[in-house]
There are 2 protein chains.
Amino acid sequence: MDVVNIFLTSELGESLEDFVHDQRRFTFDRLGPEGPRRLVEGPMWAFVDWVMPELAGLEMCRRLRADARTVDAHVTMVLEEDDPEDRRRALRAGADDYVIGPLTRTAVLDRVLALQSRGVERQATRRFELGALTIDMAALQARWNEQPILLRPNEFRLLRFLAENPNRVLTREDLINGLGKREPPIDERTVDVWIGRLRRAIKAAGGGNPLRTVRSLGYVFDLG
Amino acid sequence: MDVVNIFLTSELGESLEDFVHDQRRFTFDRLGPEGPRRLVEGPMWAFVDWVMPELAGLEMCRRLRADARTVDAHVTMVLEEDDPEDRRRALRAGADDYVIGPLTRTAVLDRVLALQSRGVERQATRRFELGALTIDMAALQARWNEQPILLRPNEFRLLRFLAENPNRVLTREDLINGLGKREPPIDERTVDVWIGRLRRAIKAAGGGNPLRTVRSLGYVFDLG
DNA sequence: CAGGCGTGTGACGCGTTTGTGACTGCTTTT
DNA sequence: AAAAGCAGTCACAAACGCGTCACACGCCTG
């Protein structure tokens with residue numbers, strides 16, 4: 001039996017129990033600022049409120065897109081009212097589509113079933129374009145002039161973080177923290193090895209070297 | 001309680017009252033051509049419109065960076081549409097990042113909260129523009145008319161210190177202390193070599209000589 | 001359980017950076 | 001005019017920082 005996992009950032013007025021319908025099992029779960037509480041199999045659907053208690057909805061959306069666990073989720077933004085500007089922003093933040101709230105259980109299911117039956121292809125959403133370099137957060141893929149760069153998970157995270165902070169010297173400590181490495185404490189020299197591997201990967205894809213070493217300080221992603 | 005000071009170059013459609021959210025006090029203020037109207041404590045965030053009534057946004061951006069009072073501000077440029085050229089120009093002019101407008105109160109708060117919650121300590125971007133010379137403290141890069149000057153760490157520190165104290169004679173001792181050299185005690189004559197190397201580097205980038213020797217006293221960064 | 005992959009680390013070697021003494025040439029002083 | 005003072009420059013050695021390699025460990029897969 002198929003499973004459909006639905007995550008919401010806020011409580012629904014109505015009940016949230018899992019149930020089975022039409023040969024599919026629907027599960028509901030809360031979605032916190034740190035992302036989904038549990039890992040699931042099967043397609044994920046996330047509904048993000050425009051306003052949230054702890055975190056702006058757009059930021060939540062971006063985080064979902066950045067989180068490797070939810071990269072394949074279909075993200076729907078919940079708008080309070082039909083503002084064209086907000087719609088555009090929502091999509092730009094990585095949402096796949098939007099509904100005009102408030103959210104009811106019926107609205108959620110309508111959405112999911114409609115899209116499922118239509119077999120929507122989730123198009124790539126969150127994308128950086130920095131010169132010749134493109135970073136596709138949804139597909140977890142980086143390209144240099146359309147040429148895919150073969151990156152290991154850590155290298156991808158590193159590139160993403162550098163690209164998010166262009167033209168800014170990042171110390172080795174910044175980079176370690178930026179990749180969320182805590183335990184065990186990482187030796188700063190290890191960052192050199194990361195950079196080396198990342199550079200080699202970009203080069204192997206025919207790319208240049210956007211990563212500048214700043215002696216005795218750190219590294220910069222050079223833009224322009 | 002933390003204070004977050006937000007400055008804008010144009011009116012927001014929505015209300016602009018100060019308010020408290022999430023343990024932080026947000027204050028809003030207008031940003032005129034002369035810079036911020038008041039001095040504040042705590043982090044500053046400036047949002048500069050691409051088009052402004054009295055002044056081009058880019059010029060405004062440069063002025064903010066040159067203004068000692070706002071040097072520690074995080075400057076966000078507000079673009080009307082997503083033009084890659086404009087983005088690069090904005091960053092060149094000293095902006096830390098940009099948003100695609102128009103600006104709403106929500107967009108502003110998104111930006112501020114998103115950046116505040118990010119891992120990196122965003123040390124304030126300091127950017128000098130002294131005639132043809134530009135010093136980008138974030139990227140640790142100096143340019144002469146857009147032409148990068150290739151500086152070694154010590155030379156960059158020297159240039160920075162000189163540029164921070166323009167039109168003022170700095171003794172060799174000042175310079176040694178200004179660069180934070182303590183151990184072992186540095187021979188004063190060594191400063192001459194530093195200056196020589198710095199001059200050569202600027203020249204190599206097609207630049208002039210803003211460093212004037214004051215016989216038996218020290219050196220000055222000449223402005224104007 | 002073997003094999004492959006991703007990743008962190010210590011070690012090695014090389015290029016770069018940098019402080020210094022010496023030499024040179026210009027300027028000021030006597 | 002000679003002497004003293006001062007700054008510009010060069011060459012060099014030592015120290016430093018970075019790139020890279022090989023290896024070990026953990027994890028997943030077949």
S.K.: Have B/Asp174 and B/Tyr219 got a donor and an acceptor in their side chains that come within less than 3.5 Å?
M.R.: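 B/Asp174 vs B/Tyr219: no donor-acceptor pair found between side chains.
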S.K.: Rounded to whole angstrom units, what separation is found between the CZ atom of A/Phe156 and the P atom of C/dT7?
M.R.: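 After rounding, the gap between these two atoms is 13 Å.
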S.K.: Of the nucleotides D/dT9, D/dG19, D/dA7, which has the atom closest to the A/Asp192 side chain?
M.R.: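 So the nucleotide nearest the side chain must be D/dG19.
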S.K.: Taking N and O atoms by type only, does the side chain of B/Arg200 place a donor or acceptor under 3.5 Å from a partner on the base of D/dG8?
M.R.: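 Absent.
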S.K.: Please tell me which of the listed nucleotides, C/dT7, D/dT20, C/dT17, lies nearest to the side chain of A/Pro153?
M.R.: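 Per side-chain heavy atoms of A/Pro153, the pick is C/dT7.
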S.K.: Side chains of B/Arg152 and A/Ser216: any donor to acceptor distance under 3.5 Å?
M.R.: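 Note: A/Ser216 and B/Arg152 side chains miss the donor-acceptor criterion.
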S.K.: Any side-chain heavy atom of A/Leu133 within less than 4.5 Å of one from A/Phe221?
M.R.: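 A/Leu133 vs A/Phe221: side chains touch.
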S.K.: Below 4.5 Å, heavy atoms only, C-beta onward: do B/Asn167 and B/Asp222 meet side chain to side chain?
M.R.: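 Sidechains of B/Asp222 and B/Asn167: in contact.
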S.K.: Taking atom CG as the centre, does B/Leu217 end up with more than 12 heavy-atom neighbours from other residues, nucleotides or ligands that are less than 6.0 angstrom away?
M.R.: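 Yes, the 6.0 Å shell around CG holds more than 12 heavy atoms from other groups.
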S.K.: Is B/Arg199 touching bases, backbone alone, or none of the nucleic acid, heavy atoms closer than 4.0 Å?
M.R.: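 B/Arg199: backbone/sugar contact only, no base atoms under 4.0 Å.
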S.K.: Please give, in whole Å, the distance from C/dT17 C1' to B/Leu198 CG?
M.R.: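 Rounded to whole Å, this separation is 15 Å.
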S.K.: If you check every side-chain atom of A/Ser216, which of D/dC6, C/dT18, D/dG17 has the closest atom?
M.R.: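 Nucleotide nearest to A/Ser216's side chain: D/dG17.
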S.K.: Using OP1 and OP2 only, check whether a side-chain N or O of B/Asn154 sits under 4.0 Å from C/dT16.
M.R.: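 No.
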S.K.: How far apart are the C-alpha atoms of B/Phe156 and B/Leu198, what are their side-chain angles, what is the distance that settles it, and do they pass the side-chain contact (heavy atoms from CB on, under 4.5 Å) test?
M.R.: CA-CA 8 Å; B/Phe156 188 88; B/Leu198 178 52; over 6 Å; no
S.K.: Could you tell me how far apart A/Glu188 (CD) and D/dG17 (C1') are, to the nearest whole angstrom?
M.R.: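 Rounded to the whole Å, the gap is 13 Å.
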S.K.: Send over the distance from B/Arg152 CZ to D/dC18 P, rounded to a whole Å.
M.R.: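 So the CZ-P distance, B/Arg152 to D/dC18, works out to 16 Å.
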S.K.: Expressed in angstrom and rounded to an integer, what is the separation of A/Leu217 atom CG from D/dG17 atom P?
M.R.: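 To the nearest whole Å, that distance equals 10 Å.
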S.K.: Would you indicate what B/Thr213 reaches in the nucleic acid, counting non-hydrogen atoms under 4.0 angstrom: base, sugar-phosphate, or nothing?
M.R.: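 Result for B/Thr213 = sugar-phosphate.
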S.K.: Just verifying a value: how many Å separate A/Asp187 CG and A/Ile176 CD1, rounded to the nearest 0.5 Å?
M.R.: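 If we round to the nearest 0.5 Å, A/Asp187:CG and A/Ile176:CD1 are 7.5 Å apart.
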S.K.: Decide, yes or no, whether a salt bridge links B/Arg143 with B/Asp136 under the criterion of side-chain N to carboxylate O below 4.0 Å.
M.R.: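 Looking at B/Asp136 together with B/Arg143, the answer is no, because their closest N to O distance does not fall below 4.0 Å.
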S.K.: Could you run through nucleotides 22-30 of chain C and give me one letter per nucleotide, 5' to 3': B if any protein heavy atom sits under 4.0 Å from the base, S if only the sugar-phosphate is that close, - if neither?
M.R.: -----B---
S.K.: What is the separation between atom CD1 on A/Ile186 and atom C1' on D/dC25, rounded to the nearest whole Å?
M.R.: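 Computing the A/Ile186:CD1 to D/dC25:C1' distance gives 13 Å.
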S.K.: Taking the minimum atom-to-atom distance to the side chain of A/Arg157, which one of C/dT7, D/dC18, D/dC10 wins?
M.R.: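 Selected nucleotide: C/dT7.
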S.K.: Starting at CZ of A/Arg197 and ending at C1' of D/dC18, how long is that distance when rounded to a whole Å?
M.R.: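 In whole Å, D/dC18 C1' and A/Arg197 CZ are 15 Å from each other.
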S.K.: Closest to the A/Asp187 side chain: C/dT7, C/dT9, D/dC18?
M.R.: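 Between C/dT7, C/dT9, D/dC18, the one nearest the side chain of A/Asp187 would be C/dT9.
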S.K.: Reckon B/Trp194 has a side-chain N or O less than 4.0 Å from the OP1 or OP2 of C/dG19?
M.R.: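 Affirmative; the distance criterion is met.
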S.K.: Using atom CG of A/Leu151 as one end and atom P of C/dG6 as the other, report the distance to the nearest whole Å.
M.R.: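 A/Leu151 atom CG is separated from C/dG6 atom P by 11 Å.
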S.K.: What nucleotide among D/dC18, C/dT18, D/dC10 has an atom nearest to a side-chain atom of A/Tyr219?
M.R.: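 Closest nucleotide among those given: D/dC18.
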